[in-house]
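In what follows, a structure is listed as structure tokens, so that the remarks can point back to it.
FYI, side chains are in, hydrogens and waters are out, and symmetry mates aren't considered; it's all heavy atoms of this structure.
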Amino acid sequence: MQNRIKAYREKKNISQGKLADLCNVSRQTINAIENNKYDPSLKLAFDIAKILAVKVDNLFLSEGEIKNE
């Protein structure tokens, strides 16, 4: 699953480490999610969206959305 977490995180000037701390996960977890190597749990996805002040729908892209971008 593709995502826009890095773009939103950088827009808010939040490091991977800070986002990880706020989500109670490791920085490596955030890195893996941003690099599409790990799909977060539903809870973690909503936690990230809340911290970045965006809808979870705006963070993650379905296959159809990827092709249309």
Side-chain angles (χ1 to χ4, degrees):
M1 178 183 332
Q2 297 284 323
N3 68 75
R4 295 184 178 125
I5 294 171
K6 183 176 181 179
Y8 281 106
R9 179 179 59 73
E10 288 178 342
K11 188 185 267 189
K12 293 263 188 197
N13 201 26
I14 298 173
S15 68
Q16 283 184 343
K18 179 65 175 175
L19 180 58
D21 288 344
L22 293 169
C23 292
N24 296 312
V25 297
S26 70
R27 185 199 59 78
Q28 290 84 352
T29 298
I30 299 299
N31 183 274
I33 295 168
E34 287 185 355
N35 288 298
N36 302 305
K37 295 181 180 178
Y38 175 75
D39 289 335
S41 67
L42 194 54
K43 180 189 180 319
L44 179 53
F46 276 96
D47 288 347
I48 292 169
K50 182 177 179 180
I51 291 162
L52 297 178
V54 298
K55 291 182 179 181
V56 75
D57 296 358
N58 293 337
L59 288 181
F60 299 94
L61 306 171
S62 68
E63 290 298 319
E65 291 173 304
I66 295 166
K67 292 175 186 171
N68 293 331
E69 278 202 344

Problem - side chain to side chain donor-acceptor pair (under 3.5 Å) partners for S15, two or more places apart - result: none

Nearest 0.5 Å, what's the [atom1]-[atom2] distance between [X] and [Y]?
X	Y	atom1	atom2	answer
Y8	N58	OH	CG	4.5 Å
L22	I30	CG	CD1	9.5 Å
I5	N31	CD1	CG	11.0 Å
Q16	C23	CD	SG	11.5 Å
I14	L19	CD1	CG	6.5 Å
F60	I33	CZ	CD1	6.5 Å

Completion exercise
Residue set satisfying side chain to side chain contact (heavy atoms under 4.5 Å, CB included) with K6, at least two apart, ordered chain then number -> R9, E10, E34

Handout entry: For D21, all residues meeting side chain to side chain contact (heavy atoms under 4.5 Å, CB included), sequence neighbours excluded
Key = none

Donor-acceptor list for residues 37-46 side chains, cut-off 3.5 Å, not counting sequence neighbours:
from, atom 1, to, atom 2, distance (Å)
S41, OG, L44, N, 3.1
K43, NZ, D47, OD2, 2.8

Exercise for the section: Just grab all the salt bridge (Lys or Arg N to Asp or Glu O under 4.0 Å) pairs involving residues 24-33, residues at least two apart or on different chains. Expected result: none

Practice task
Quick one: closest heavy-atom pair of L59 and L52, and the distance?
Solution key: CD2-CD1, 4.2 Å

